[in-house]
Every structure is written in structure tokens, then in C-alpha cells.
Amino acid sequence: MTRSFFDQVHDVVRRIPPGRVATYGQIARILGSPRSARTVGWALRAVPEGESIPWQRVVNGRGEVSFSQGSEGALVQRALLEDEGIVFDAHGRIDLDLYGWEGLDLAERDRLLGLSPQL
DNA sequence: CGTATGACGAGCC
DNA sequence: AGGCTCGCCATAC
């Protein structure tokens, strides 16, 4: 298969519904590379602006926007998430128990991993 | 083909 | 508790 890890990351991120967030580590685990969280972040950094990939719905394991505080990217991401109804606490963090993505069901996960050729 | 790079994460001070 | 280090691993060069 020609799908790069980056493409697979993008595929998964596109599945995150509005108002929900996933973590870098979670995406990595879904793709079968539990130690590739950093690479997930890199894959999102490489998302072209025009693409319809909801990159803002991916945060770090503590529910924080993973840009240096005050940076433009951080402000943009937070604004986009708040537009989806997500509420940040006083520490600028998201309650993952409340807004965390449920994840993919097994069938969908297998399809994304290419275990069951469908297209 | 070796080295550098990160929008992470776990662990150790 | 909070900050720092170190491992990780797909790409970039």
C-alpha cells in the first residue's frame, strides 16, 4: 500500500467528530504505533491549510493545546475548538473525560489499517 | 544511507 | 507538583 503514515494520521483525524478531541498518543495507538505520538504531531504540522482535516481536534495527553502558550497557532486552535462548543478550564485545559473521542469501532479501525480491502 | 527534527509521553528528579 | 530528560519513530535532507 502506498499510504504513508502521515496519510493514515490524516484519515483518522478526519473521523473525529466536531466537539470532540483526541490525543496524539491515541491516534498513534489506533494506527498500531503506540510510540509514534511525536510523528502524529509532525503529520498534523504537515497538513496543508486548504485540506479539510480538523487538526484542531488533536491535543496532548493532558488535554492541552500543544503549541507554546500565546502563540498564534495556540490561539487559533483554541478558538476553533470553542466554536465547536468545547470549554477550556481555568488552566487552559480540556476535560478529556468529557470531550475525549470515543475512538473508532473495530471494523472501521481495521479498514483504516488496511486489514480488510474495501475500496 | 546517516543525521536531524518534532503540534508527544512517560519517568525521574 | 512542576519542570527537565530521554526515548520514540516516520520523514526530511
Side-chain angles (χ1 to χ4, degrees):
Chain A
M1 94 172 139
T2 61
R3 284 191 124 356
S4 67
F5 189 79
F6 280 23
D7 289 332
Q8 293 184 51
V9 168
H10 297 169
D11 287 342
V12 172
V13 172
R14 263 192 285 259
R15 302 303 201 286
I16 307 172
R20 283 296 176 79
V21 296
T23 69
Y24 299 93
Q26 180 182 2
I27 303 297
R29 286 194 299 276
I30 287 174
L31 293 179
S33 297
R35 313 269 66 140
S36 302
R38 302 189 69 175
T39 308
V40 170
W42 205 9
L44 292 182
R45 183 177 65 97
V47 171
E49 284 199 25
E51 296 300 316
S52 58
I53 296 174
W55 57 270
Q56 72 272 20
R57 294 175 195 149
V58 185
V59 297
N60 68 28
R62 297 177 315 218
E64 301 169 326
V65 163
S66 208
F67 284 96
S68 52
Q69 184 182 18
S71 69
E72 181 169 344
L75 296 176
V76 169
Q77 182 171 10
R78 174 165 179 158
L80 287 172
L81 291 176
E82 289 180 326
D83 281 347
E84 299 182 354
I86 291 176
V87 176
F88 288 73
D89 67 18
H91 304 327
R93 293 181 350 211
I94 295 169
D95 184 343
L96 293 180
D97 290 328
L98 198 54
Y99 299 107
W101 184 32
E102 303 291 331
L104 302 167
D105 59 49
L106 291 178
E108 193 169 7
R109 181 178 322 201
D110 285 349
R111 185 170 60 73
L112 279 175
L113 290 175
L115 298 184
S116 62
Q118 170 170 327
L119 307 179

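It should be emphasised that the depicted structure is a prediction, and the values quoted were computed from it without experimental measurement. The analysis underlying the following values was restricted to heavy atoms, covering all of them including side chains, and did not include hydrogens, waters or symmetry mates. Convention: sequence-line order gives letters A, B, ...; per-chain numbering from 1.
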Reading DNA chain B from 5' to 3', where do the contacts with chain A start and stop? Cut-off is 4.0 Å to heavy atoms. dT5(B) to dG9(B)
Restricting to salt bridge (charged side-chain N to carboxylate O under 4.0 Å, His left out), what partner residues turn up for Arg14(A), sequence neighbours left out? Asp11(A)
Go through the structure and list residues passing salt bridge (charged side-chain N to carboxylate O under 4.0 Å, His left out) with Glu51(A), not counting sequence neighbours. none
Contacts of type side-chain contact (heavy atoms from CB on, under 4.5 Å), residue [X], not counting sequence neighbours:
X        : result
Ala74(A) : Val65(A), Phe67(A), Ser71(A)
Leu98(A) : Asp95(A)
Gln56(A) : Pro54(A), Gln77(A), Leu80(A), Leu81(A), Glu84(A)

Is His10(A) reaching over with its side chain to a backbone N or O of Phe5(A), donor-acceptor style, under 3.5 angstrom? no
Not counting sequence neighbours, list each pair that qualifies as a salt bridge (Lys or Arg N to Asp or Glu O under 4.0 Å) and has a residue in residues 15-37 of chain A. Arg15(A)-Glu108(A), Arg20(A)-Glu102(A)
Contact list for residues 69-82 of chain A, test salt bridge (Lys or Arg N to Asp or Glu O under 4.0 Å), sequence neighbours left out: Arg78(A)-Glu82(A)
Residue-level proximity of residues 63-91 of chain A to DNA chain C when a heavy atom falls under 4.0 Å: none
Summarise how protein sits on nucleotides 5-13 of chain C as a single string, 5' to 3': B when a protein heavy atom is under 4.0 Å from the base, S for sugar-phosphate-only contact, - for no contact. --BBBBBS-
Results of side chain to side chain donor-acceptor pair (under 3.5 Å) for Arg38(A) - residues two or more places apart only: none
Taking side chain to side chain donor-acceptor pair (under 3.5 Å) as the test, write out the residues that go with Asp83(A), two or more places apart. none
